[in-house]
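Excluded from the calculations below are hydrogen atoms, water molecules and symmetry mates; all remaining heavy atoms, backbone and side chain alike, are included. The chains referred to below are lettered A, B, ... by the order of the sequence lines, with proteins before strands, and numbering in each begins at 1.
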There are 2 protein chains.
Amino acid sequence: MLRVATWNVNSIRSRKELVFMWLERVPVEILCLQELKTETHNFPFLDFERLGYKCYVHGQKAYNGVAICSKFGLEDVFKGIGDAKFDVESRVIGGRLKDLWLINCYFPHGEERGGKKFYYKLEFYDAFCKFLDRSFSPSDKIVLVGDMNVALEDIDVYDPVVLKDTIGTMPEERQALRRLLDWGFVDAFRYLYPNKVEFTWWDYIGGAVWKNQGMRIDYIFITEHLLKSLKDVFVDTWARKKRQPKPSDHAPVVGVFEL
Amino acid sequence: MLRVATWNVNSIRSRKELVFMWLERVPVEILCLQELKTETHNFPFLDFERLGYKCYVHGQKAYNGVAICSKFGLEDVFKGIGDAKFDVESRVIGGRLKDLWLINCYFPHGEERGGKKFYYKLEFYDAFCKFLDRSFSPSDKIVLVGDMNVALEDIDVYDPVVLKDTIGTMPEERQALRRLLDWGFVDAFRYLYPNKVEFTWWDYIGGAVWKNQGMRIDYIFITEHLLKSLKDVFVDTWARKKRQPKPSDHAPVVGVFEL
DNA sequence: GGGTAACTGG
DNA sequence: CCAGTTACCC
């Protein structure tokens, strides 16, 4: 069994205790983290080592930052997407475990429609697709995980009417995310559960998590070769609902594979 | 027995747990606090009430702020020194318990010799003496406590050579503080222990507390009528040496009276 | 609402 | 070194 988790932790320094508590509950083999909000040298390598994880970290001060913590050593580890315009930010890290590629990405938030950050988000998706074209083939075994900052369908938000034209739900963004599916990925959660309403992110404001007012913006995408190995995908809201230590606004998503 | 304590807590919001732990050790009847660093409405009135204290609070956002927490109700509570120039900051609070006046003051730090804040400190002392002249008589029973931000004598600093011309030790400042003694106050600690070397403040920097590199800048001053009632004065370093919760850089000073 | 940084006061 | 602040990001 191979369990691959993705979790936007919103600062690894302030969240590491929670992460280790969660790993006791769900000791996944591979944990992909986003929004480390710290430089690589501040990453808690030793704490993860004690639990048997080797960590591959692409840190950044204050913003972004991604890591893969794996029980198995990775090869061909890469950072960024080979595009200088976007690689000034630490949003992508990947590597290979035998014939399985892992890619962990923190896609831009976008802020609001029409602004500079909104176009940056769309352009990032564009650049990411080009990176896929250059570096991979849809016939590869690839697990692409991360915070995509887009809810794919209306079923992926708690209220599509209330959230109309809010960031993460707009047609341009959904189209950008769908290009990853068009390229050759399958949304593992939706593949197994076509009608299930589950969210991975809830705003800190107004106790949204208690009213389950969330969005599904964190994903496990897999290429077709992996579909037969996919056993389950689940969102663990335990860590999001904890009050002490304080939670991230995202919950971890876990994919279970039998390879 | 009446125990009166003075403690610069360096933010009551971040120090309240420590204060309540300390009150279990030394349940003083009257606790005078300085550097609340918060507005009056954020003061933890309820926590103190649970322990039987009535609190008189003169708060301020971010800087200064003083309070008297008393097991007995006070009358004629006043805030400030009646001088608009200095009363824009919350540095003084006082009140009367029967025939005993309590005055709690946080004197300015002064930063360094020659600067604006240095003259402000000296002028504050001047204005404070004028306030005493206007409002009190040396024949009154008065307990004046607080962070005076001045070490009276060389014996009150860990190394007068090293600290020469550093803030809190300079002749101008000592002269300003001595004017309170000239007015009619007695330094209760020094009265009982003429040769004792004890400090009330240690810099956070460089682990000064562990090397006992401190200064005595927090005082219990009393008028002559109270000398016969004075039983003891002690500095409790317990709270300063605690690591969890984090300490203030000042230790509480306690005066014990038999009235 | 919760994290970061840079600044200021002590 | 340890508080507080404002400003920025999500």
Closest-nucleotide ordering on DNA chain C, the 5'-leading residue of A:R13 and A:G207 | A:G207

Upstream residue (5' side of DNA chain C) when B:E89 and A:P247 are each assigned their closest nucleotide | A:P247

Using 4.0 Å as the upper bound for N to carboxylate O, is an ion pair formed by A:D87 and A:K79?
-> no

Salt bridge present between B:E172 and B:K121 (N-O < 4.0 angstrom) | no

What are the bounds, 5' to 3', of the part of DNA chain D that sits under 4.0 Å from heavy atoms of chain A?
-> D:dC9 to D:dC10

Sole candidate of B:K242, B:K241, B:R25 that passes salt bridge (charged side-chain N to carboxylate O under 4.0 Å, His left out) when paired with B:D236 | B:R25

Round to the nearest Å and state the distance from [X] atom [atom1] to [N] atom [atom2].
X      : N      : atom1 : atom2 : result
A:R243 : C:dG1  : CZ    : P     : 12 Å
A:K37  : C:dA5  : NZ    : P     : 9 Å
B:N149 : C:dG9  : CG    : C1'   : 11 Å
A:D249 : C:dG3  : CG    : P     : 10 Å
A:Q34  : C:dT4  : CD    : C1'   : 18 Å
B:Q60  : C:dG10 : CD    : P     : 10 Å
A:R240 : C:dG3  : CZ    : P     : 11 Å
B:K117 : C:dG10 : NZ    : C1'   : 9 Å

Answer yes or no: is there a side-chain heavy-atom contact under 4.5 Å between B:W202 and B:Y158?
-> no

Taking atom types as modelled, is there a side-chain donor on A:Y106 or A:Q60 under 3.5 Å from an acceptor on the other?
-> no

Decide if the gap between the ring center of B:Y53 and the ring center of B:F45 is smaller than 6.0 angstrom.
-> no

Applying the ring-ring contact (aromatic ring centres under 6.0 Å, His included) test to A:F86, which of A:F131, A:F128, A:F124 qualifies?
-> A:F124

Against the side chain of A:I205, the closest entry in C:dG1, C:dG10, C:dT4 is C:dG1

For A:E111, which contact category applies under a 4.0 Å heavy-atom criterion: base, sugar-phosphate, or nothing?
-> nothing

